[in-house]
Engineer: 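First the structure, then my questions, so here it is.
All ligand and atom numbering here is 1-based and tracks the order in the structure.
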Amino acid sequence: MRIVKSLVLALVALTSNGALASAVSAAERAWVFDDAPSYPGVTMIQVSGDRGTVSGSITTGWYGAIAMQDARWSGNVLSFDTRNLNDAARPTRHWTAKIDGHGVMLEGGIWHADVKQNGRPATVTEVAARTFRPAPDLPPMGSIAPDNLAATPPMGWSSWNKFAEHIDDRTIRAMADAMVASGLGKAGYRYVNIDDGWQGKRDSAGILQPNAKFPDMKALADYVHGKGLKLGLYTSPGPKTCAGYEGSYGHVEQDARTFARWGVDYVKYDLCSGEWFYADADSVKRTYHQMGVALKATGRPMIYSLCEYGRFAVSSWGRQVGGHLWRTTGDITDDYTSMSDIGFVRNPKFAPSGPGGWNDPDMLEVGNGGMSDDEYRTHMTLWAMQAAPLIMGHDLRRTTPAAMAVLTNANVLAVDQDTRGIHGQRVRREGDVEIWRKPLVGGAVALAVFNRGSQTTKVTTTAADAGLPRLDRVETSGQAHLWDQTPSFRSRLTV
Ligand code: GLA
């Protein structure tokens, strides 16, 4: 009789607090989401404790288990905050989880995404399957000995700018064919880099497999090598790459060995979702060092391309972690505003790089059609003057004659590939005109003249611009159409 009475009392308490209050106040509850949008990919919410001391997490594909901060109940709604990223104005985001008899309605956000998902109560097996396993702690920082793999800035092609993730084995083979047939290979371009979008899932031993569009990565590498070229691949220190594919989180050494086994010659390591786990200078350096060590340990020479968008003054430690090039900026797009901002403003801010390790202002857009021929000449000139890696980003089967002329201009390539490897700098600015200088081997100096205005203008350069006591000989690159005829000069050069 007593027992029945207490049950009745409990039910009364439930109704006054919201339908399923007793369920959510149980020691631990979890709900899963069957259709998670790919970013950030919330797959589960877990809540524990009672109403007074509630805590919990949301599990995401991109960032693993994200702890709730300041969680509190109000009726049947759980409110909490989470750490946010890439948004200095909003270091945290607010979330709510409305619980009812059927499940949960979760609303919140992270970075650029607003999340609104309906979930259902989870079984124990589902919780186990979705529980995120953190990677072991990062090894301590160390210093990787220099090698001779990138004595001059790497030259090649990458799939991203033109094809994004719409790539497959056939397209990559076609690019290797076109690289050779067009003469671009002969001009010095060697690396054929597969960027994001080649990855499939891991097998039961954790070995990363390519997706169905790349049936045999080793065979593809053999094909590319057979053309006298080198193959590049892309991955991330995070669980997800920037396009949402499987990253190397928790599998760094294993993936490095897989790449070596396939015959990969170049690895781009893109921070992406890793920025959640490695958010300060120390952890970013150590995560890049970890892959640097792993690549070296394979014994296969591989160019190591760091892509963390120039964070934490990467040019000061890129070499130490084994990097041969490191991105200095976010992504380039095929327009003058993006290219000129990177080339004139952002990349020059980085400490000079040089033989062995290069500042990387991102891949070329020459040939993609979003800029005029003049603008593409400016793009190529800026990159060459700053000794940037020259990684083409267009469809090599459709290189226009104008793009070909820009990409294979032997004098401009010689400036980029000069073995002193000096990162050229602006030496003079007058109105819209800029003069840049890059000292070369043998005492020669490359000068670049840029007119950033829309009006034709007359520019006079002097030996002083070149940092020389006098000019003995002047050669022109043929890069700028203003320079189609060799300028005459005595002590001053007028173009
Ligand atoms: C980031 C990189 C790009 C490209 C994409 C692929 O945005 O900066 O260069 O690799 O990821 O998803």
Side-chain angles (χ1 to χ4, degrees), residues 38-41 61-63 85-86 111-113 153-168 171-172 175 191-200 208 210-211 213-214 231-249 255 259 264 266-278 284 287-288 291 303-312 314-315 318 323-335 338-339 341-343 346-347 350 358-366 368 370 379 383 388-395:
S38 62
Y39 182 85
W62 282 66
Y63 308 122
L85 82 173
N86 294 330
W111 190 18
H112 60 79
M155 290 175 65
W157 173 87
S158 158
S159 52
W160 187 254
N161 283 358
K162 174 68 188 177
F163 296 103
E165 54 198 293
H166 309 292
I167 46 173
D168 53 24
T171 311
I172 301 302
M175 291 303 132
Y191 291 95
V192 176
N193 294 346
I194 308 174
D195 206 277
D196 210 350
W198 63 268
Q199 310 88 329
L208 185 55
N211 60 41
K213 296 188 295 174
F214 292 90
L231 185 74
L233 224 49
Y234 165 104
T235 188
S236 167
K240 296 279 181 195
T241 65
C242 292
Y245 291 81
E246 186 78 19
S248 291
Y249 183 84
D255 287 357
F259 300 157
V264 168
Y266 184 122
V267 173
K268 174 172 166 184
Y269 206 36
D270 193 353
L271 190 56
C272 301
S273 64
E275 69 184 349
W276 183 266
F277 305 87
Y278 314 122
V284 168
T287 194
Y288 277 90
M291 180 55 99
I303 292 275
Y304 183 28
S305 162
L306 318 185
C307 181
E308 46 82 271
Y309 334 116
R311 292 182 186 175
F312 309 117
V314 60
S315 49
H324 299 101
L325 62 159
W326 40 83
R327 280 273 294 279
T328 54
T329 72
D331 293 9
I332 193 169
T333 50
D334 187 18
D335 55 86
S338 155
M339 181 281 290
D341 184 46
I342 291 175
R346 292 179 179 275
N347 194 57
F350 280 77
W358 307 94
N359 286 327
D360 173 12
D362 206 359
M363 302 168 286
L364 298 172
E365 292 283 7
V366 178
N368 276 331
H379 182 6
W383 266 234
L390 299 176
I391 307 295
M392 299 178 289
H394 70 293
D395 185 341

Engineer: Provide the closest heavy-atom pair for R327 versus E308 in the form atom of the first, atom of the second, distance.
Structural biologist: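 So the two residues come closest at O-OE1, 4.2 Å.
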
Engineer: Can you list the steps and then say if D196 with T241 is a side-chain hydrogen bond (donor to acceptor under 3.5 Å, both in side chains)?
Structural biologist: CA-CA 7 Å; D196 210 350; T241 65; 2.9 Å; yes

Engineer: Begin from the C-alpha positions of D255 and Y249 and carry the test side-chain hydrogen bond (donor to acceptor under 3.5 Å, both in side chains) through to its verdict.
Structural biologist: CA-CA 10 Å; D255 287 357; Y249 183 84; over 6 Å; no

Engineer: Which heavy atom of the protein is the closest neighbour of atom 10 (O) of ligand 1, given with residue, atom name and distance?
Structural biologist: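 The closest one turns out to be D195 OD1, 2.6 Å.
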
Engineer: Specify side chain, backbone, both or neither for C307, according to which of its non-hydrogen atoms lie closer than 4.0 Å to ligand 1.
Structural biologist: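 Near ligand 1, C307 shows its side chain, while the N, CA, C and O stay back.
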
Engineer: Please work out, at 4.0 Å between heavy atoms, whether the side chain, the backbone, both, or neither of E165 comes within that distance of ligand 1.
Structural biologist: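 Looking at E165 and ligand 1, no heavy atom falls under 4.0 Å.
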
Engineer: Can you find a non-hydrogen atom of M363 under 4.0 Å from ligand 1?
Structural biologist: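 Yes, M363 has heavy atoms under 4.0 Å from ligand 1.
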
Engineer: Only one of D270, D362, T329 forms a side chain to side chain donor-acceptor pair (under 3.5 Å) with Y309, so which one is it?
Structural biologist: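 Of the listed options, the one satisfying the test is D270.
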
Engineer: What residue and heavy atom of the protein are closest to atom 5 (C) of ligand 1, and at what distance?
Structural biologist: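 The protein heavy atom lying closest is W160 CE2, 3.6 Å.
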
Engineer: Has D331 got any heavy atom lying under 4.0 angstrom from an atom of ligand 1?
Structural biologist: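 Under 4.0 Å: yes for D331.
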
Engineer: For ligand 1, which atoms have a heavy atom of A243 less than 4.0 angstrom away?
Structural biologist: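 Contacts of ligand 1 toward A243, numbered from 1: 12 (O).
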
Engineer: Indicate the atoms forming the closest heavy-atom contact of S338 with T333, along with that distance.
Structural biologist: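 Here S338 and T333 meet closest at OG-N, 2.8 Å.
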
Engineer: When you measure from atom 1 (C) of ligand 1 to every protein heavy atom, which one gives the shortest distance, and what is it?
Structural biologist: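 Looking at atom 1 (C) of ligand 1, the protein heavy atom closest to it is D270 OD2, 2.9 Å.
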
Engineer: Any side-chain donor paired with an acceptor under 3.5 Å for E165 and Y245?
Structural biologist: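 Note: E165 and Y245 side chains meet the donor-acceptor criterion.
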
Engineer: Is a side-chain donor-acceptor pair under 3.5 Å present for N359 with W326?
Structural biologist: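 Note: W326 and N359 side chains meet the donor-acceptor criterion.
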
Engineer: Among protein heavy atoms, which lies nearest atom 12 (O) of ligand 1, and at what distance?
Structural biologist: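 Looking at atom 12 (O) of ligand 1, the protein heavy atom closest to it is D196 OD2, 2.8 Å.
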
Engineer: Give yes if a backbone or side-chain nitrogen or oxygen of R327 is under 3.5 Å from a nitrogen or oxygen of ligand 1, and no if not.
Structural biologist: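 Yes; at least one N/O pair falls below 3.5 Å.
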
Engineer: Check the orientation of Y288 and Y269. Use parallel for under 30°, tilted for 30 to 60°, and perpendicular for over 60°.
Structural biologist: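 Perpendicular: the ring planes of Y288 and Y269 meet at over 60°.
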
Engineer: Going by the atom numbers of ligand 1, which of them fall below 4.0 Å from some non-hydrogen atom of K268?
Structural biologist: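 This gives 3 (C), 4 (C), 9 (O), 10 (O) as the contact atoms.
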
